[in-house]
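Here, residue 1 is the first one in the sequence, and each next residue gets the next number. Model, not experiment: these values are computed from the prediction.
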Amino acid sequence: MNRFLLPALALISCNAAAQTYPSRPITLVVPYTPGTGIDIIARTVGPKLSERWKEAVIVDNKPGASGNIGAAAVAKAPPDCTSRLRTIR
């Protein structure tokens, strides 16, 4: 019985201590210039995500180097899942 009780208690304590996501504004990084197809999609989806998550969603264009500048910006962001990269694929 203890074999099943301990994992169940661990799950309950993790859920109680977890914060609701997102607790801060989300940044959608688009590694292409404004007005491109993926930028239009991100700007269309952004408000819908904002309504659903009850948190601000910011679309940030970082064009250049075939998308590497935007990817580097997300890679250097704090690991709190508030920066997301939006690409074509």
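Atom CG of Leu28 is separated from atom CZ of Arg86 by 5.5 Å, given to the nearest 0.5 angstrom. Once rounded to the nearest 0.5 Å, the distance linking OG1 of Thr44 with CG of Leu49 reads 11.0 Å.
Residues Ala42 and Val30 approach most closely at CB-CG2, 3.7 Å, considering heavy atoms. Taking all atoms of both residues into account, the shortest heavy-atom contact from Ile58 to Pro25 is CD1-CB, 4.2 Å. Nearest approach of Lys54 to Glu51, heavy atoms of both residues: NZ-O, 3.3 Å. Closest approach of Leu85 and Val74 over heavy atoms only: CB-CG2, 4.0 Å. Of all non-hydrogen atoms in Glu55 and Arg24, the two that sit nearest each other are CG-O, 3.1 Å. Ser50 approaches Ala56 most closely through the heavy-atom pair OG-CA, 3.9 Å.
Checked by atom type and distance alone, the side chain of Thr82 never pairs as donor or acceptor with a backbone atom of Ile26 at under 3.5 Å. Formation of a donor-acceptor pair under 3.5 Å by the Asn61 side chain with backbone atoms of Tyr32 is found in this model.
The closest side-chain heavy-atom distance from Lys62 to Pro31 is not below 4.5 Å.
Linking Ile, Leu, Val, Met, Phe, Trp and Tyr whenever their side-chain heavy atoms come within less than 4.5 Å leaves Val59 and Ile69 in two separate clusters.
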